[in-house]
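What follows is a single structure, written as structure tokens, with notes after it.
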Amino acid sequence: GKRYPGHGQGELNIEVWEENLIGTPSFCGSARMKVDNVLGEKVLKAAPPGEDIVDVLVGELHDFVLFNENVKVGSIHLQGLLTPASGRRNSTLPAITTVDARLFDSPVDRVEMSGGTAPFFRLTLKNATPDKAASYYIGKDLSRASDEVDFYEEANRTRLKRGGGGLVPLLDFMFEYGGVIKIRAKDASAKEPPKELLVLRNLFDGAEKLRLCDIKMGQKTSQAGWQGKSRLASLRQSVLDGITNSSAEGFRLEGFTGRPPALTSMDPLLDFGVSENKGMVGKKARRLMLQQLKGSEMLVHLTDLHQEPGLPSRTLWDQVLSPSELTEVLLHEAVMRFTRLAVVCRRVPVPQKWIGSSIALGFDVGRLPPRSTSEEDVRRKLRFQIFDWGRSELNTVEKHNALSETDQEDRARFWRFYTGGVDRLSWRAACQYYNRFCNTEDWSEVIFRIYDFDSSTENDFLGTHTVNLEQGPTTASRNTPPKEVTVPVRGGGSLTYAIEWRQLPAGSRLRGTWLIHLVRARSLDMQDKLQLRTTSDPMCEIVAVSKSGPLQVFRQFSSVKARTLDPEWNEIFELPVAAKAGVLNESLEAVSSGFGADPLKEVLPADIRDPDDAGCGWCESTTLDQLAPRQKLEEGLSAWKRRLDSAAADCI
């Protein structure tokens with residue numbers, strides 16, 4: 001309940017939503033009314049202004065009309081109760097930290113976010129400093145995040161305790177939290193009260209265009225009865241867990257802000273002739289597609305910079321970092337932060353019950369940093385925080401000792417869910433970095449694999465072509481584009497491409513990059529016959545294989561060109577060659593002795609579809625026959641976990 005503001009004051013806005021078994025709730029309608037109208041005349045007479053009451057006053061039932069976009073859709077029955085004041089909140093809960101609204105410009109604008117349901121608002125500091133820019137903070141609507149504020153407050157209080165209860169290293173991964181502010185929203189009516197917002201660190205601060213993944217952790221993201229979760233809502237979440245990557249790997253991609261153009265072109269409704277941009281169905285289809293991505297695929301798309309920001313013009317090559325140079329530093333930093341988080345999770349004194357909590361992972365794709373930018377400044381551009389505490393409990397040693405044995409086992413079970421997801425995600429990131437950026441011996445071949453993108457079934461194979469890179473590089477020219485080559489592909493079609501070698505400046509962490517120009521294809525097979533069309537939706541997968549052992553595999557995707565047999569791509573991919581061997585070994589060794597020891601190739605194997613999968617078309621590549629069996633991946637993950645266990649033990 002809310003504190004009664006007094007006669008003639010205060011309004012209520014009631015929203016009715018329908019819970020769906022799969023997908024997000026659907027908005028049905030809302031009703032706005034004065035508090036006095038809910039309480040009714042009888043209650044108001046029994047509670048004169050300025051006088052305290054001693055008994056609970058029960059109002060009569062009232063009907064209020066529900067509207068959806070100014071259209072009457074039904075009614076809702078409400079009954080108000082006025083109870084004696086007994087303190088704002090439970091005295092065992094921490095007091096709420098308030099933030100002075102005069103520090104910020106008012107009113108505030110809404111900010112569009114991907115994933116989650118709570119609205120966000122742009123907060124602008126009036127007096128910015130070098131340490132805190134005007135956009136340093138962002139506001140999260142407290143009415144949709146009221147179950148998070150106590151977690152943030154308790155976390156801040158825990159930090160101030162001597163020793164921090166052994167939780168400070170873990171809490172350091174959280175968003176910075178300043179408190180709660182009351183401030184007017186620009187889209188609110190004059191009668192609406194100020195918005196109550198959580199003041200949080202703004203991940204968009206300083207970014208021209210932020211690419212950000214919201215990764216929901218744990219193979220089980222709900223529990224009926226826990227923190228107010230209903231049985232139906234829990235059942236819906238359990239079904240969602242089962243059909244998404246949560247059940248497979250212990251995490252799923254819940255939201256993706258600033259998606260790369262190639263991923264955006266993969267329309268989940270393309271086969272049905274409906275655009276994903278039309279209506280709620282399209283949004284739900286896109287969200288489910290993201291939720292089903294494997295960790296390796298998610299990281300491939302996250303680190304795909306070949307179109308955005310893309311390769312700079314040749315005249316700028318000496319002035320800015322290449323997309324591969326930027327990706328290498330940021331992915332290396334992500335590996336190290338994931339690794340530290342996995343180690344810290346092992347060292348908490350008691351297990352936590354964090355249901356539906358997320359990890360934010362992203363960086364700015366709006367521009368390439370100048371070469372004068374220090375490596376440390378580039379690393380600081382990575383966004384990596386744990387957040388979303390709506391169904392989470394901050395467990396301490398004192399709380400845990402007071403729990404029953406059953407409840408202690410319950411906390412341990414859910415903490416295994418969370419840490420299991422962190423372990424696998426840290427390993428996925430390390431695999432991605434090792435296979436993409438730890439090759440110092442060059443690449444032996446590049447494979448172009450053309451598919452017809454199918455949103456509802458497996459992609460149809462259209463053709464493949466393998467290029468041997470061991471014949472020697474064609475050095476990139478600052479003035480002249482490389483010579484294009486046209487080769488035949490299956491069914492009488494053709495593929496046009498070009499390849500050149502770019503040497504990077506001294507001091508770069510990469511020796512150079514192969515520039516793979518995917519130009520166009522012509523006269524490809526028709527594969528959309530079931531949709532009664534004489535076209536295909538071509539896309540190309542670029543795969544590269546290392547020159548010598550250990551086998552390393554690079555993989556990226558082009559954009560989908562819908563409904564054509566003659567796609568024009570004109571996309572350039574970078575195939576990096578490392579300048580120095582053992583970079584990842586040294587970094588992991590710094591975490592703990594023995595963590596980075598060879599053979600890393602067995603711990604971080606290449607993860608790609610098996611050669612004998614239907615329609616894969618690996619026939620032109622003999623090198624890929626060396627790929628490890630699928631069980632080797634699980635063996636690699638187990639070896640990674642053992643190294644994490646050892647690192648956590650060394651830190652004690």
Side-chain angles (χ1 to χ4, degrees), residues 94-105 108 111 113 115-116 118-142 144-161 164-183 195-207 210 212-215 217 255 257 330 333-334 336-338 340-341 344-345 348 352 354 357-364 376-377 379-390 392-394 422:
I96 290 181
T97 304
T98 58
V99 178
D100 190 349
R102 292 172 296 180
L103 297 173
F104 299 91
D105 290 341
V108 294
V111 179
M113 302 286 281
F120 284 81
F121 293 82
R122 183 177 291 106
L123 296 178
T124 304
L125 282 168
K126 291 180 178 178
N127 298 311
T129 66
D131 294 331
K132 288 188 177 181
S135 57
Y136 187 85
Y137 291 109
I138 196 169
K140 185 176 184 179
D141 193 342
L142 182 61
R144 296 287 187 89
S146 58
D147 43 9
E148 290 190 77
V149 64
D150 292 330
F151 189 99
Y152 279 113
E153 292 289 349
E154 189 167 5
N156 278 2
R157 293 201 334 174
T158 299
R159 293 174 186 275
L160 298 176
K161 293 180 180 179
L167 294 172
V168 172
L170 182 58
L171 299 180
D172 282 345
F173 285 94
M174 287 177 57
F175 285 145
E176 178 183 341
Y177 163 74
V180 174
I181 187 174
K182 289 185 178 181
I183 194 167
K195 286 282 186 183
E196 287 187 297
L197 306 176
L198 295 176
V199 179
L200 303 171
R201 180 70 169 100
N202 181 15
L203 295 185
F204 290 79
D205 177 36
L210 186 66
L212 186 69
C213 287
D214 173 354
I215 309 170
M217 304 304 297
T257 300
L330 292 173
E333 182 66 18
M336 300 316 299
R337 294 200 199 183
F338 271 125
R340 286 194 289 269
L341 176 60
V344 165
C345 284
V348 294
Q352 305 296 311
W354 292 355
S357 180
S358 293
I359 293 177
L361 176 64
F363 48 86
D364 185 11
E376 287 307 309
D377 283 342
R379 289 182 181 276
R380 279 193 285 268
K381 297 295 184 182
L382 184 78
R383 272 63 166 177
F384 186 98
Q385 267 83 32
I386 57 177
F387 72 105
D388 200 350
W389 311 110
S392 297
E393 166 199 72
L394 187 60
V422 173

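- Remark: V348 engages L167, L170, W415 in a side-chain contact (heavy atoms from CB on, under 4.5 Å) (not counting sequence neighbours).
- Salt bridge K126/D105: absent, no basic N to carboxylate O contact under 4.0 Å.
- Remark: the backbone N or O of L142 is not paired with any side-chain donor or acceptor of R144 at under 3.5 angstrom.
- Of the possible donor and acceptor atoms, none in the side chain of D141 sits under 3.5 Å from a partner among the backbone N and O of F120.
- By the 4.5 Å heavy-atom criterion applied to side chains, F104 and T124 are not counted as neighbours.
- Salt bridge status for R157 with E153: absent, with no side-chain N to carboxylate O gap under 4.0 Å.
- Going from atom CD1 of I138 over to atom CG of N202 covers 4.5 Å, rounded to the nearest 0.5 Å.
- Residue S358 holds its OG atom at 8.5 Å from CD1 of I215, rounded to the nearest 0.5 Å.
- For the residue pair S357 and F387, the shortest heavy atom distance occurs at OG-O, 3.0 Å.
- Residues A128 and A134 come closest through the heavy atom pair CB-N, 3.5 Å.
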Original post:
Given the rule in the side-chain contact (heavy atoms from CB on, under 4.5 Å) test, do V99 and Y137 qualify, once you have shown the distances and angles that lead to the verdict?
Top reply: CA-CA 12 Å; V99 178; Y137 291 109; over 6 Å; no
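- If you run side-chain hydrogen bond (donor to acceptor under 3.5 Å, both in side chains) between E333 and each of R380, R379, K381, only R379 comes through.
- Residues F173 and R340 have side chains in contact (heavy-atom distance under 4.5 Å, counting atoms from C-beta outward).
- Remark: E148 engages K140 in a salt bridge, criterion side-chain N to carboxylate O under 4.0 Å.
- You'll find the side chain of L123 reaches within 4.5 Å of the side chain of V108, heavy atoms only.
- When atom types are taken as modelled, the side chain of R383 and the backbone of G362 share no donor-acceptor pair closer than 3.5 angstrom.
- Under the 4.5 Å side-chain criterion, counting only non-hydrogen atoms from C-beta, V199 is not in contact with Y177.
- In this structure, D364 CG and L212 CG are separated by 11.5 Å, a value rounded to the nearest 0.5 Å.
- Within 6.0 Å of CG on N127 lie no more than 12 heavy atoms contributed by other residues, nucleotides or ligands.
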Subject >> Derivation of the side-chain contact (heavy atoms from CB on, under 4.5 Å) call for L341 and R337 >> reply: CA-CA 6 Å; L341 176 60; R337 294 200 199 183; over 6 Å; no
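- With values rounded to the nearest 0.5 angstrom, F121 atom CZ is found 4.5 Å from K195 atom NZ.
- In this structure a side-chain-to-backbone donor-acceptor pair under 3.5 Å is missing from W389 to Y152.
- Taking CG from L125 and NZ from K132, the interatomic distance works out to 7.5 Å, rounded to the nearest 0.5 Å.
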Original post:
Do D172 and R159 pass the side-chain contact (heavy atoms from CB on, under 4.5 Å) test, and can you show the C-alpha distance, the side-chain angles, and the key distance before you say yes or no?
Top reply: CA-CA 9 Å; D172 282 345; R159 293 174 186 275; 2.8 Å; yes
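- Between A145 and L198, the shortest heavy-atom distance links the atoms CB-CD1, 3.9 Å.
- Here the OG-CE distance, from S392 to M217, works out to 12.0 Å after rounding to the nearest 0.5 Å.
- R201 is linked by a side-chain contact (heavy atoms from CB on, under 4.5 Å) to Y136, E176, D205, counting only residues two or more places apart in sequence or in another chain.
- The aromatic ring centroids of F338 and F384 lie less than 6.0 Å from each other.
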**OP:** Step by step, work out the side-chain contact (heavy atoms from CB on, under 4.5 Å) result for T98 and I181.
**Re:** CA-CA 6 Å; T98 58; I181 187 174; over 6 Å; no
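- T97 has its side chain out of reach of V180: every pair of non-hydrogen atoms, C-beta onward, lies at least 4.5 Å apart.
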